[in-house]
Amino acid sequence: MGQQPPRTPAAQQIYAAAELEYPVMADAVPAPLVVEIGSFAADALPIDEIAAHQRAAIALIKKVGFDE
């Protein structure tokens with residue numbers, strides 16, 4: 001299983017800044033570089049529905065040569 005994100009706003013802020021990603025906790029402040037990218041609209045789609053399309057997405061990436 002993958003690594004779990006930190007569970008306090010302060011820890012999440014450090015983790016998200018190190019990974020240059022938006023924090024998963026709404027009360028954690030994103031890194032300045034991430035803020036420059038713009039706002040982030042969280043997707044309401046359940047992760048299992050997204051994951052159900054992973055194989056098709058990978059096949060499409062390979063077909064069009066996106067990773068090359």
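Count residues from 1 along the sequence. Hydrogens, waters and symmetry mates play no part in the numbers below; they use all other heavy atoms, side chains included.
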Taking atom CG of L33 and atom CD of E21, what is their separation to the nearest 0.5 Å?
12.5 Å

Interatomic distance, D27 atom CG to T8 atom OG1 [nearest 0.5 angstrom]
9.5 Å

Only distances under 3.5 Å count here; give the side-chain donor-acceptor pairs of residues 54-68 to other protein atoms, sequence neighbours excluded, each with its distance to 0.1 Å.
none

Backbone N or O of P30 within a donor-acceptor pair of the Q13 side chain at under 3.5 Å?
no

Non-neighbouring partners of [X] that pass side-chain contact (heavy atoms from CB on, under 4.5 Å), sequence neighbours left out:
X: I47; answer: I50
X: A31; answer: A17, V34
X: E49; answer: L45, P46

All pairs passing ring pair (Phe, Tyr, Trp, His ring centres under 6.0 Å) where residues 42-65 contributes a residue, at least two apart:
none

Going by the ring pair (Phe, Tyr, Trp, His ring centres under 6.0 Å) test, which pairs reach into residues 27-51, not counting sequence neighbours?
Y22-F40

Shortest non-hydrogen contact from R7 to M25?
O-CE, 3.6 Å

